[in-house]
Protein chains: 2
Amino acid sequence: MITQKTKYALKSLMTLGALEKGAALTIEEVSQRSGAPKRFLEHILLDLRKAGYLGARRGRAGGYFLIREPSKVSLGELLQQIDGPIAPLPCLSRRSYRRCEDCDDEETCQLRRVFGEIFWSYLLLIESLTLQDLLRDPVAAGKALGEPGAARNAAPDEIAGE
Amino acid sequence: MITQKTKYALKSLMTLGALEKGAALTIEEVSQRSGAPKRFLEHILLDLRKAGYLGARRGRAGGYFLIREPSKVSLGELLQQIDGPIAPLPCLSRRSYRRCEDCDDEETCQLRRVFGEIFWSYLLLIESLTLQDLLRDPVAAGKALGEPGAARNAAPDEIAGE
DNA sequence: TTAATTCACGATAAACTCGGTAGACTTATT
DNA sequence: AATAAGTCTACCGAGTTTATCGTGAATTAA
């Protein structure tokens, strides 16, 4: 599950990304449009500003605005900034690598090997997706791809019943 | 991050799966071999028994033993049994589907669409992996596949720095 | 039949995370 | 000066995670 915080953050970025260039919204306005509680959103937008995604102006006519090109912001990067390390095992994270205390030998650890493969393929995918993909008009996108979206919008029809 | 519980559960299944057919281990023995705290492991093995993976015998010479073919137990199935729903959004889970309260229209929800694609590809992968893959001799497996394992054992060399 | 062994099960608890609230402060505009 | 905005630090309640403990129930050996 992605956290509420992540959800709010992505929705906020989408809201701000949909604006005309140069426009800004106050926390209050972002809160209304994204559905996030205002005081909670404060923290989130502040984080996003510190992470370099948003700019802020104070005082009258102030607010937050997107300062990075949506097509240049990968989803992987975003998820890491918002939620912290996303590796399934600490020993698979580069930035925040930690040894597994209970692990004798990383080279032969089967868990590490298998989850490493999973993680690798996951990373590859989310790095290839961007904020732009979240902003895309779904109808237009569907047309461009011959409408595969509808068929894949739901979870796979229950390989294992999740 | 996978939880400690998941880690212990998978290690236990690997331990029991490596045994000759029909052999059993007590909680105590599984605890020693897997590194899981004994009293915690009790609950985990009990869950795995109730989920149909393990059998148990009480009294002298009792213990737990694997009752399912490792090659028939998908990793996806396992992770769901141990950790519960794994969908990134409640509206993407079939078994435990819940509507997102803040969502007006699932059909046009961009978050749902994008995370649906991610989840779909993730599910496909973990459904294709089995307990057998966790039991496989890494050296032999490496030979069989022309040793791609070593190169992919570590996280991708930092697409985004995770 | 009794004692030893082993799993079964519910209660409890410490530590941590998540989602959110509150108050005071700083900066900018009018 | 008044007002409107973002900034910062602290805190809090609920739930989850990671266990531990005590006791009961089944099985078997002596």
Side-chain angles (χ1 to χ4, degrees), chain A residues 1-12 16 23-32 34-51 53-67 79 82-86 88 90 96 98 100-102, chain B residues 1-12 16 23-32 34-67 79 82-86 88-90 96 98 100-102:
Chain A
M1 288 283 189
I2 68 177
T3 61
Q4 271 306 112
K5 187 180 174 187
T6 299
K7 224 164 153 182
Y8 292 151
L10 294 179
K11 281 192 172 185
S12 299
L16 293 171
L25 292 180
T26 65
I27 295 175
E28 176 72 35
E29 290 167 319
V30 176
S31 167
Q32 284 164 6
S34 68
K38 187 186 162 196
R39 297 296 319 247
F40 190 28
L41 194 56
E42 279 183 23
H43 296 292
I44 297 169
L45 295 182
L46 192 55
D47 285 350
L48 291 175
R49 199 215 65 191
K50 287 180 177 168
Y53 299 111
L54 301 180
R57 263 194 309 273
R58 298 209 240 199
R60 204 158 252 160
Y64 281 99
F65 46 94
L66 190 65
I67 56 179
L79 294 179
I82 300 167
D83 270 337
I86 57 178
S96 41
R98 272 188 311 115
C100 293
E101 290 113 26
D102 52 332
Chain B
M1 287 283 190
I2 67 177
T3 62
Q4 271 306 111
K5 187 180 174 188
T6 299
K7 223 164 153 183
Y8 292 152
L10 293 178
K11 281 192 172 186
S12 299
L16 293 171
L25 292 180
T26 66
I27 295 175
E28 176 71 35
E29 290 167 318
V30 176
S31 166
Q32 284 163 6
S34 68
K38 187 187 161 194
R39 297 300 312 253
F40 190 27
L41 194 57
E42 279 183 23
H43 297 287
I44 296 169
L45 296 181
L46 191 56
D47 285 349
L48 290 175
R49 200 214 65 194
K50 288 180 177 169
Y53 298 111
L54 302 179
R57 262 193 311 271
R58 295 206 244 201
R60 202 159 253 161
Y64 281 99
F65 46 95
L66 190 64
I67 57 179
L79 294 179
I82 299 167
D83 269 340
I86 58 177
L89 295 169
S96 41
R98 273 188 309 115
C100 294
E101 291 115 25
D102 52 332

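Quick note on labels: first sequence line is chain A, next is B, and so on, each numbered from 1. Every value quoted in this text rests on a predicted model; they were computed, and no experiment measured them.
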Closest-nucleotide 5' rank along DNA chain C - winner of A:K38 and B:K50: B:K50

Between D:dT9 (P) and A:D47 (CG): distance, integer Å: 12 Å

Student check: side-chain heavy atoms of B:I67 and B:L54 closer than 4.5 Å: no

Pairing residues for A:Y8 by the side-chain hydrogen bond (donor to acceptor under 3.5 Å, both in side chains) criterion, not counting sequence neighbours: A:Q4

pair A:P90-A:C100: side-chain heavy atoms closer than 4.5 Å: yes

Any pair counted as salt bridge (charged side-chain N to carboxylate O under 4.0 Å, His left out), so long as it reaches residues 35-49 of chain B, sequence neighbours left out: B:K5-B:D47, B:E28-B:K38, B:R39-B:E42

B:T6: partners by side-chain hydrogen bond (donor to acceptor under 3.5 Å, both in side chains), with sequence neighbours left out: B:T3, B:D83

CG on A:L41 to OG on A:S12, rounded to 0.5 Å: 4.5 Å

Spacing between B:L46 atom CG and D:dG24 atom C1', to the nearest angstrom: 14 Å

Could you write out each protein N or O paired with an N or O of nucleotides 16-18 of chain D at a distance under 3.5 Å?
from, atom 1, to, atom 2, distance (Å)
D:dT18, OP1, B:Q4, N, 3.2

Degree of bending, the helix from C:dT1-D:dA30 to C:dT30-D:dA1 (end axes from five pairs; round to 10°): 0°

For chain A, the stretch of DNA chain C it reaches, first to last nucleotide, under 4.0 Å of its heavy atoms: C:dG19 to C:dT30

Listed partners of B:A23 passing side-chain contact (heavy atoms from CB on, under 4.5 Å), at least two apart: B:L19, B:E20

Comparing A:Y64 and B:E42 on DNA chain D - which has the more 5′ nearest nucleotide: A:Y64

For atom CD1 of A:I27 and atom C1' of D:dT7, their distance in whole Å: 9 Å

Sugar-phosphate, base or nothing in reach of B:L45, heavy atoms under 4.0 Å: nothing

Atom of B:R57, atom of B:A24 and distance for their closest heavy-atom approach: NH2-CB, 3.6 Å

Taking every non-hydrogen atom, the tightest pair across B:S96 and B:P85: OG-CG, 3.0 Å

Backbone of A:T26 reached by a side-chain donor or acceptor of A:E29 within 3.5 Å: yes

B:F65 side, atom CZ; B:L16 side, atom CG - distance, nearest 0.5 Å: 10.0 Å

d(CZ, A:R39; P, D:dC12) in whole Å: 16 Å

Chi angles and distances behind the side-chain contact (heavy atoms from CB on, under 4.5 Å) call for A:I82, A:I44: CA-CA 8 Å; A:I82 300 167; A:I44 297 169; over 6 Å; no

Close N or O pairs between protein and nucleotides 27-29 of chain D (under 3.5 Å):
from, atom 1, to, atom 2, distance (Å)
D:dA29, O4', B:R60, NH1, 2.7

For B:A51, side-chain contact (heavy atoms from CB on, under 4.5 Å) partners two or more places apart: B:Y53, B:Q81

Rounded interatomic separation in angstrom, taking NE2 from B:H43 and P from D:dT23: 15 Å

B:V30 vs B:I27 side-chain heavy atoms within contact, under 4.5 Å: no

Interatomic distance where CD1 belongs to A:I44 and C1' belongs to D:dC8 [whole Å]: 16 Å

